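Worksheet: the structure to be examined is printed underneath.
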Amino acid sequence: MNLLITGGAGFIGSNFVRYILKKYPRYKVIILDKLTYAGNLDNLKQFLNPDNLYLNKDYLTKYPHHLVDELKVSFPSNDFLFIQGDICDAELVGRIFSRVDVVVNFAAETHVDRSIMEAGSFVTTDVYGTYVLLEAAKKYRIRRYIQISTDEVYGEAIDFPSREDAPLNPKSPYAASKAGGDRLAFSYWATYNLPIIVTRCVNNFGPYQFPEKLIPLFITNALKGKPLPVYGDGKNTREWIYAEDHCRALDIIMHSQDGVGEVFNIGSGIEKSILDITKIILKVLGKPDTLIQFVKDRAGHVRRHAVDTEKMRKKFNWSPQIDFEEGMERTVRWYVKNKSWWREIKEKSKDYQEYYQKQYILRERTKKQD
Ligand code: NAD
Ligand code: DAU
């Protein structure tokens with residue numbers, strides 16, 4: 001199989017690359033990733049060497065490289081290629097699609113809080129970028145295209161658990177942009193009969209998750225004895241799945257002859273509130289509850305997400321294999337063992353520090369003034 005994984009340097013994408021190459025070592029894999037603040041070559045270190053890595057000029061100082069421009073001449077026929085590039089770049093996308101038969105699109109701006117601060121990049125990547133990929137899928141008659149959507153598209157659901165045919169009520173610019181990509185992908189099946197499947201997974205957790213999301217943020221703050229900023233009353237709930245179980249579901253969908261033109265929820269049935277998660281993290285790390293700090297709520301904060309996974313279970317005989325406690329223990333252990341991975345981001349990235357200041361320090365001041 002010649003497989004394109006977009007967004008493969010991010011959290012779930014890099015877990016998926018590792019999962020696929022372990023299970024199918026003969027597959028040829030191309031990764032297309034812009035390397036935004038959330039993309040990290042360290043997530044793929046084990047696969048990279050100077051001959052399979054194509055980077056833009058701004059990475060010259062950090063990693064061995066080739067210039068993406070060289071790709072304009074020809075692609076080498078390596079079994080594994082990492083290409084730094086934008087899914088909105090139709091020319092680059094076209095050249096890559098001419099060489100692959102299956103596409104899994106993870107590439108996206110993904111953080112709800114950042115979308116509240118600045119929505120433009122979400123619309124660009126999550127909607128327009130998806131359009132560029134779909135156009136290329138049409139032109140090159142891709143054999144299977146999987147659009148990674150999210151349960152966030154259901155927004156404040158009317159009924160629980162949300163089935164795939166529930167109304168979409170996205171509440172944040174992130175969720176609305178993902179809903180745009182989700183429905184656009186569906187329309188390319190309905191209109192052009194392309195072999196497209198859309199998946200909507202719940203909150204993932206596990207190794208390599210960027211420390212802006214709840215679980216990695218709270219683990220790494222707790223390890224440093226810093227406050228854990230709980231939004232609002234901490235009673236909003238999410239459904240949680242270990243990333244490897246998500247990858248296992250995608251593996252089945254990717255290889256099945258069935259399910260084209262359909263949407264599949266992927267979930268675990270495990271619902272927990274922010275406060276539940278916070279207390280579990282503090283307990284596993286042996287840290288005091290006094291680190292909990294209630295802060296101003298997220299604007300448009302969805303109270304509850306929970307999905308119905310009957311379709312996925314019945315059609316594909318899939319069910320998650322890692323229970324919550326086991327997944328959480330593995331995750332905490334990974335962050336404890338890989339301090340240099342997250343310290344590089346939290347202590348050295350100016351972008352991260354500016355984001356943290358805006359998101360939490362200013363938020364805390366506003367809360368005190370309320
Ligand atoms: P992430 O933010 O960790 O990674 C996103 C990756 O996409 C990064 O490597 C980034 O560099 C890349 N990227 C961003 N814009 C790009 C562009 N224009 N062109 C090419 N690459 C670009 O995200 P994640 O948490 O791994 O999520 C992956 C996908 O899964 C997303 O589509 C997200 O919406 C979806 N999803 C995530 C979750 C979750 O809980 N994390 C749950 C359901 C669905
Ligand atoms: O539901 C799937 C979605 O899950 C994905 O589509 C998104 O890409 C992913 O980021 C995630 O979105 P959430 O908004 O649920 O994830 P986040 O980790 O940001 O927040 C989880 C919950 O924790 C949410 O109720 C907000 C709360 N929270 C989050 C942060 C970062 C806090 O209370 N404090 C925080 O500092």
Side-chain angles (χ1 to χ4, degrees), residues 5-16 31-41 43-44 83-89 92-93 104-116 121-122 124-126 128-130 132-133 147-154 170-172 174-175 177-178 181-182 199-206 208-218 221 227-241 243 246 250 265-267 272-275 277-278 292-298 300-307 356 359-360 363:
I5 301 173
T6 64
F11 161 48
I12 308 173
S14 65
N15 275 287
F16 188 65
I31 295 168
L32 173 63
D33 194 296
K34 189 176 173 182
L35 294 178
T36 65
Y37 78 89
N40 189 343
L41 286 179
N43 299 359
L44 297 169
I83 300 166
Q84 183 184 15
D86 194 328
I87 58 167
C88 300
D89 180 344
L92 177 64
V93 164
V104 186
N105 178 29
F106 291 98
E109 288 295 339
T110 62
H111 193 34
V112 173
D113 290 313
R114 288 193 193 242
S115 81
I116 294 166
S121 58
F122 288 75
T124 306
T125 291
D126 302 5
Y128 182 76
T130 301
V132 170
L133 297 177
Q147 175 67 14
I148 307 295
S149 186
T150 165
D151 70 345
E152 278 284 326
V153 298
Y154 297 117
K171 280 180 87 182
S172 66
Y174 162 69
S177 304
K178 289 296 290 184
D182 174 316
T199 62
R200 296 181 186 148
C201 192
V202 300
N203 284 59
N204 284 226
F205 66 103
Y208 297 97
Q209 187 167 27
F210 194 81
E212 65 186 353
K213 308 283 165 55
L214 180 75
I215 290 181
L217 176 71
F218 280 20
N221 274 16
L228 312 190
V230 170
Y231 297 166
D233 61 7
K235 291 186 182 149
N236 297 48
T237 64
R238 296 289 182 269
E239 189 173 330
W240 302 92
I241 190 169
H246 184 184
L250 295 174
N265 287 336
I266 301 172
K272 291 200 185 296
S273 71
I274 309 170
L275 262 183
I277 296 282
T278 309
I292 298 174
Q293 181 184 45
F294 288 94
V295 300
K296 194 169 184 246
D297 206 354
R298 173 186 278 175
H301 199 174
V302 175
R303 196 63 175 168
R304 180 182 178 201
H305 280 305
V307 301
Y356 202 89
Q359 177 63 14
Y360 295 104
R363 186 182 214 122

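First listed ligand is number 1; within each ligand, the first listed atom is number 1. Predicted, not measured: the structure shown is a model, and the values here were computed from it.
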Original post:
Less than 4.5 Å apart, any side-chain heavy atom of Val230 and any of Phe218?
Top reply: yes
**OP:** Pick whichever of Gly85, Ala108, Ala38, Cys201 has a heavy atom sitting closest to atom 5 (C) of ligand 1.
**Re:** Ala108
Original post:
What protein heavy atom is closest to atom 25 (O) of ligand 2, reported as residue, atom name and distance in Å?
Top reply: His301 NE2, 2.7 Å
Subject >> Element-labelled atoms of ligand 1 that are located less than 4.0 Å from some non-hydrogen atom of Thr150 >> reply: 43 (C), 44 (C)
**OP:** With atom 5 (C) of ligand 2 as the reference point, say which of Tyr174, Tyr154, Trp240 has the nearest heavy atom.
**Re:** Tyr174
Original post:
About how many Å separate OG1 of Thr36 and CD of Gln84, when rounded to the nearest 0.5 Å?
Top reply: 10.0 Å
Subject >> Heavy-atom nearest neighbour in the protein, as seen from atom 9 (O) of ligand 1, with distance rounded to 0.1 Å >> reply: Asp33 OD2, 2.6 Å
**OP:** Would you give the length of the straight line joining atom CG of Leu35 to atom CG of Asp86, rounded to the nearest 0.5 angstrom?
**Re:** 11.0 Å
Original post:
Which residue owns the protein heavy atom closest to atom 16 (C) of ligand 1, what's the atom, and how far is it?
Top reply: Lys34 CB, 3.7 Å
**OP:** Kindly identify the option in Thr199, Thr36, Leu250 whose heavy atom sits closest to atom 10 (C) of ligand 1.
**Re:** Thr36
Subject >> Of Asp151, Val307, Leu250, the residue whose pairing with Ile266 passes side-chain contact (heavy atoms from CB on, under 4.5 Å) >> reply: Leu250
Original post:
How close does the nearest protein non-hydrogen atom get to atom 29 (C) of ligand 1, and which residue and atom is it?
Top reply: Phe106 O, 3.2 Å
**OP:** Report the member of Lys213, Lys272, Arg298, His305 with the shortest heavy-atom distance to atom 20 (O) of ligand 2.
**Re:** Arg298
**OP:** Record the part of Cys88 in heavy-atom contact with ligand 1 below 4.0 Å; permitted values are side chain, backbone, both and neither.
**Re:** neither
Original post:
So which heavy atom in the protein is nearest atom 2 (O) of ligand 1, and how far is it from that ligand atom?
Top reply: Thr110 OG1, 2.7 Å
**OP:** Just let me know how Thr125 lines up against ligand 1, side chain, backbone, both or neither, with a heavy-atom cut-off below 4.0 Å.
**Re:** side chain
Subject >> From NE2 (His111) to OG (Ser172), nearest 0.5 Å >> reply: 10.5 Å
Subject >> Distance, nearest 0.5 Å, that separates CD1 of Ile148 from SG of Cys201 >> reply: 8.5 Å
Subject >> Closest protein heavy atom (residue, atom, distance) for atom 25 (O) of ligand 1 >> reply: Phe11 CD2, 3.7 Å
Subject >> atom 35 (C) of ligand 1 [closest protein heavy-atom partner, distance rounded to 0.1 Å] >> reply: Ile148 CG2, 3.7 Å
Original post:
Quick one: does Ile87 get an N or O within less than 3.5 Å of an N or O on ligand 1?
Top reply: yes
Subject >> Heavy-atom side-chain proximity of Leu275 to Phe294 below 4.5 angstrom >> reply: yes
Original post:
Between Leu35 and ligand 1, which part of the residue brings a heavy atom under 4.0 Å of the ligand: side chain, backbone, both or neither?
Top reply: backbone
Original post:
Between Val93 and Thr6, is any pair of side-chain heavy atoms under 4.5 Å apart?
Top reply: no
Original post:
Looking at atom 18 (O) of ligand 2, what's its closest protein heavy atom, distance included?
Top reply: Leu214 N, 2.7 Å
Subject >> Nitrogen or oxygen of Glu109 less than 3.5 angstrom from that of ligand 1 >> reply: no
**OP:** Quick one: look up the protein heavy atom nearest atom 42 (C) of ligand 1 and list residue, atom name and how far away it is.
**Re:** Val202 O, 3.3 Å
Subject >> atom 33 (O) of ligand 2 - nearest protein heavy atom and its distance >> reply: Tyr231 N, 2.9 Å
**OP:** Report yes or no: does a heavy atom of Tyr37 sit under 4.0 Å from some atom of ligand 1?
**Re:** no
Subject >> Location of contacts on Trp240 toward ligand 1, heavy atoms closer than 4.0 Å >> reply: neither
**OP:** Sort out for me which residue in Asp182, Thr199, Asn105 forms a side-chain hydrogen bond (donor to acceptor under 3.5 Å, both in side chains) with Ser149.
**Re:** Asp182
Subject >> Under 4.0 Å to a heavy atom of Ala107 - the qualifying atoms of ligand 1, by number >> reply: 7 (O), 20 (C), 21 (N), 22 (C)
Subject >> Minimum side-chain heavy-atom gap Asp89-Val132 below 4.5 Å >> reply: no
Original post:
Under 4.5 Å between any side-chain heavy atoms of Leu214 and Tyr231, yes or no?
Top reply: no
Original post:
Relative to atom 44 (C) of ligand 1, which among Ser121, Ser149, Gly10 owns the nearest non-hydrogen atom?
Top reply: Ser149
**OP:** Search all heavy atoms of Ala9 against all heavy atoms of Asp33 and return the closest pair with its distance.
**Re:** N-OD2, 3.0 Å
Original post:
Looking at CG of Asn203 and OG1 of Thr150, how far apart are the two atoms once the value is rounded to the nearest 0.5 Å?
Top reply: 7.5 Å
**OP:** Check if Gln359 has a non-hydrogen atom at a distance under 4.0 Å from any atom of ligand 2.
**Re:** no
**OP:** Quick one: look up the protein heavy atom nearest atom 36 (O) of ligand 2 and list residue, atom name and how far away it is.
**Re:** Tyr360 OH, 2.6 Å
Subject >> Shortest protein heavy-atom distance from atom 13 (P) of ligand 2, along with the residue and atom involved >> reply: Asn203 ND2, 3.7 Å
Original post:
Can you tell me how far CH2 of Trp240 sits from CD1 of Ile215, rounded to the nearest 0.5 angstrom?
Top reply: 4.5 Å
Subject >> Minimum-distance protein heavy atom relative to atom 34 (N) of ligand 2 >> reply: Pro229 O, 2.8 Å
**OP:** Could you tell me whether the side chains of Asn221 and Tyr360 share a donor-acceptor contact shorter than 3.5 Å?
**Re:** no
Original post:
Mind checking whether Asp86 has an N or O less than 3.5 Å away from an N or O of ligand 1?
Top reply: yes
Original post:
Does a side-chain N-to-carboxylate-O contact under 4.0 Å join Lys178 and Asp126?
Top reply: no
Subject >> CA sep, side-chain torsions, deciding dist, call: Lys213, Thr110, side-chain contact (heavy atoms from CB on, under 4.5 Å) >> reply: CA-CA 10 Å; Lys213 308 283 165 55; Thr110 62; 3.0 Å; yes
**OP:** Find out whether Arg114 and Tyr37 are in side-chain contact, i.e. whether some heavy atom of one side chain is under 4.5 Å from a heavy atom of the other.
**Re:** yes
Original post:
Side-chain contact, heavy-atom cut-off 4.5 Å: Tyr154 with Arg200?
Top reply: yes
Original post:
In the protein, which heavy atom is nearest to atom 2 (C) of ligand 2, and how far is it?
Top reply: Asp151 OD1, 3.1 Å
Subject >> Nearest protein heavy atom with distance in Å, relative to atom 9 (C) of ligand 2 >> reply: Thr110 O, 4.0 Å
Original post:
Heavy-atom contacts under 4.0 Å between Thr6 and ligand 1: side chain, backbone, both, or neither?
Top reply: neither
**OP:** Would you check whether Lys178 reaches within less than 4.0 Å of ligand 2, judged by its heavy atoms?
**Re:** no
Original post:
Under 3.5 Å between some N or O of ligand 1 and some N or O of Lys178?
Top reply: yes
**OP:** Look at atom 26 (O) of ligand 1 and say which protein heavy atom is nearest, naming residue and atom and giving the distance to 0.1 Å.
**Re:** Ile12 N, 2.7 Å
Original post:
Between Asn204 and ligand 1, is there a nitrogen or oxygen pair with a distance under 3.5 Å?
Top reply: yes
Original post:
Is there side-chain contact between Val202 and His305, with heavy atoms separated by less than 4.5 Å?
Top reply: no
Subject >> Stacked cation flag Arg238 on Phe205, 6.0 angstrom / 45 deg >> reply: no
**OP:** Would you mind telling me if ligand 2 is within reach of the side chain of Val302, the backbone, both or neither, using heavy atoms under 4.0 Å?
**Re:** neither
